[in-house]
Amino acid sequence: VVDDVRIISTEIVAIVNKAAHNIVSVARTATDAVRLATVHRPDLVIMDIGLENGGDGIEAASHITDDLEIPVIFLTGHNDLVTLERAQKVNPLGFLSKPVREADVVNTITIALNQQKQHATKVPSDDSTFNGRIAMLGGIASVLEMVKVIHSHCALRFEDSAVLYIAEGKIIHAKLEDLPPMEAAK
């Protein structure tokens, strides 16, 4: 939670704790927000846009989302179009207006965490590189080694019909329609 007004950050901390989420730290400045996000790596940051002392909330959020890949929910008492357009460029997972209401905080956090979870587990179908697929599936290399031992011919199919095809211990990445039938490859 990042807010330079102690009473607001205390209220948000109480709401978040009541909703059974953990607060790893509270920051009062943009500089502290970036430093604490770097140290604690939270799942989500609630960031006040208008920080009085020590920097701009939008700039801090931009650093946190771009460099640390931590999503942000903005908290603001500013409803002017210029500020909101500037904040949108950071791609926040939500906005909360001051004064905050408990239901709004809880619902916004719940939606943001669900979006983050879905984004983390979504497999992009346009990634056609072998290395991208290996990184995306994490740990598949050891599975492929086991498959090679068990059977010398195997195909792993992906959502977009691309496959990793193993024949005689060699891994080939190709489109399904480009592969010979399994029997023909033997």
Side-chain angles (χ1 to χ4, degrees), residues 1-125 127 131-143 159:
V1 175
V2 184
D3 199 305
D4 56 342
V5 179
R6 187 176 307 272
I7 194 164
I8 294 173
S9 61
T10 302
E11 179 182 13
I12 293 171
V13 167
I15 292 168
V16 172
N17 284 333
K18 184 178 175 185
H21 298 292
N22 296 319
I23 299 290
V24 295
S25 63
V26 176
R28 307 252 181 263
T29 67
T31 304
D32 283 346
V34 173
R35 181 181 57 78
L36 290 168
T38 303
V39 170
H40 295 288
R41 299 290 182 165
D43 294 329
L44 184 66
V45 172
I46 299 175
M47 172 78 68
D48 184 17
I49 289 177
L51 298 172
E52 299 279 326
N53 302 319
D56 176 38
I58 296 173
E59 289 175 21
S62 179
H63 178 73
I64 289 168
T65 58
D66 292 346
D67 299 341
L68 303 176
E69 297 181 359
I70 299 170
V72 171
I73 293 173
F74 279 121
L75 175 64
T76 184
H78 301 279
N79 291 320
D80 64 280
L81 189 57
V82 174
T83 301
L84 294 177
E85 284 177 352
R86 213 173 123 237
Q88 277 291 347
K89 292 178 183 174
V90 178
N91 294 317
L93 292 185
F95 281 89
L96 292 168
S97 294
K98 293 180 185 179
V100 296
R101 293 179 342 163
E102 182 175 349
D104 292 340
V105 174
V106 172
N107 292 337
T108 302
I109 290 172
T110 300
I111 291 167
L113 290 174
N114 284 336
Q115 284 177 343
Q116 181 188 15
K117 184 189 230 179
Q118 288 174 358
H119 178 74
T121 59
K122 187 175 181 181
V123 176
S125 61
D127 181 11
N131 289 337
R133 295 217 185 261
I134 293 297
M136 192 171 42
L137 293 175
I140 196 169
S142 60
V143 172
E159 175 182 331

Going from [atom1] on [X] to [atom2] on [Y], what distance comes out if it is rounded to the nearest 0.5 angstrom?
X: L84; Y: I58; atom1: CG; atom2: CD1; value: 8.0 Å
X: D48; Y: I12; atom1: CG; atom2: CD1; value: 8.0 Å
X: R35; Y: I64; atom1: CZ; atom2: CD1; value: 11.5 Å
X: L93; Y: N114; atom1: CG; atom2: CG; value: 11.0 Å
X: T31; Y: E59; atom1: OG1; atom2: CD; value: 10.0 Å
X: I109; Y: L96; atom1: CD1; atom2: CG; value: 7.5 Å

Side chains of [X] and [Y], heavy atoms from C-beta outward: is any pair under 4.5 Å?
X: D3; Y: K98; answer: yes
X: P92; Y: I73; answer: no
X: F95; Y: Q88; answer: yes
X: E11; Y: V105; answer: no
X: L113; Y: H21; answer: yes

Please check if the side chain of [X] supplies one atom and the backbone of [Y] the other of a donor-acceptor pair under 3.5 Å.
X: Q116; Y: L44; result: no
X: T38; Y: V34; result: yes
X: D32; Y: R28; result: no

Take I111 and Q115 through the test side chain to side chain contact (heavy atoms under 4.5 Å, CB included) and record every step on the way to the result. CA-CA 6 Å; I111 291 167; Q115 284 177 343; 4.0 Å; yes

Which heavy atom of [X] sits nearest to which heavy atom of [Y], and what is that distance?
X: F74; Y: G57; answer: CE2-O, 3.9 Å
X: I49; Y: A87; answer: CD1-CB, 3.9 Å
X: I70; Y: P42; answer: CG2-O, 3.4 Å

Kindly indicate, with the supporting measurements, whether the criterion side chain to side chain contact (heavy atoms under 4.5 Å, CB included) is fulfilled by T29 and L51. CA-CA 7 Å; T29 67; L51 298 172; 5.7 Å; no

Does CZ belonging to R41 count more than 12 external heavy atoms closer than 6.0 Å? yes

